[in-house]
Structure formats: structure tokens, C-alpha cells
Amino acid sequence: MTEEEKLGVNKFHVDENFSHIEINKEACPEDIMTLVRACPAGLYKYNDGTLTHDCAGCFECGVCRILSAGKVVSRWEFPKGGKGIEYRFG
Ligand code: SF4
């Protein structure tokens, strides 16, 4: 089973009304690129000087929160109850 197949068995309950991660799109490119490279879900995209981030698919690992040290991630919370990732092993 490939890594993608293993991750593909997880379920995501996306909260359309609440983004549990808020980002500062004006952060310096070097700090942004740290998160682009580190996010295991590949949710940080930086193209032509524009940062985009989608909370759908987040593993809730907290790596971006720690590495950003408040520079790129301006708010990080767990999703509200019943939302977010549902890990499935097997
Ligand atoms: S918490 Fe983890 S998976 Fe979610 S955006 Fe941050 S680094 Fe990516």
C-alpha cells in the first residue's frame, strides 16, 4: 500500500463556516517557503508571490504553528467538535 493510499483512507469533515488556521499573506517569502516545504499535507502553496492555504485536508499536526512562530500562521486552533480529520488505520 502506498503512502497516498494509506492517507486516502482518512476522512475529512470540512467546516465550511470556520477556518481553524488563519494565515498572514503578507509574511516574508522565506518564512512562507518554510511552511510550503514542511506541511505534510502540502496545503501551503506559494505561486507568483501569492500564498494560498486550504484547511480542508489538514492533518492537525501543528507543524506550521510551531515553525511559523507567529509570522505566517496568525491563528491556529483545532477544528470544532465533529469537524476536521478522522484518522483511519488499517
Ligand atoms: S497543521 Fe499540519 S497538516 Fe495542517 S496545515 Fe499545518 S502543517 Fe499542514
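Counting starts at 1 for both ligands and their atoms, in listed order.
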So is H53 close enough to ligand 1, meaning a heavy atom under 4.0 angstrom away?
-> yes

Could you give me the CA-CA distance, side-chain angles and deciding distance for L35 and L51, then say whether side-chain contact (heavy atoms from CB on, under 4.5 Å) is met?
-> CA-CA 11 Å; L35 303 192; L51 170 64; over 6 Å; no

Using the six-membered ring wherever Trp is involved, compare the ring planes of Y87 and F89 and label them parallel, tilted or perpendicular (cut-offs 30° and 60°).
-> parallel

Just wondering, are more than 12 heavy atoms of other shown residues or ligands nearer than 6.0 Å to NZ in K71?
-> no

If we number the atoms of ligand 1 from 1 as shown, the ones under 4.0 Å from a heavy atom of I21 are 5 (S)

What class does the angle between the rings of Y44 and H53 fall in, given that below 30° is parallel, 30 to 60° is tilted and above 60° is perpendicular?
-> tilted

May I ask you to identify, for V73, whether its side chain, its backbone, both or neither come under 4.0 Å of ligand 1 on a heavy-atom basis?
-> neither

Tell me: protein heavy atom nearest atom 3 (S) of ligand 1, and distance?
-> F59 N, 3.3 Å

Atom 1 (S) of ligand 1: which protein heavy atom is closest, and how many Å away?
-> G62 N, 3.3 Å

Do any N/O/S atoms of C61 come under 2.8 Å of atom 6 (Fe) of ligand 1?
-> no

Please tell me if the side chains of C55 and S19 come closer than 4.5 Å, counting only heavy atoms from C-beta onward.
-> yes

Could you tell me whether a side-chain N or O of R65 sits under 3.5 Å from a main-chain N or O of I21, the two making a donor and an acceptor?
-> no

Any idea which protein heavy atom is nearest atom 6 (Fe) of ligand 1, and the distance to it?
-> C64 SG, 2.3 Å

Expected output: side-chain N24 to main-chain V72 donor-acceptor under 3.5 Å | no

At what distance is the nearest protein heavy atom to atom 4 (Fe) of ligand 1, and which residue and atom is it?
-> C58 SG, 2.3 Å

Heavy atom of the protein closest to atom 8 (Fe) of ligand 1 (residue, atom name, distance) | C39 SG, 2.3 Å

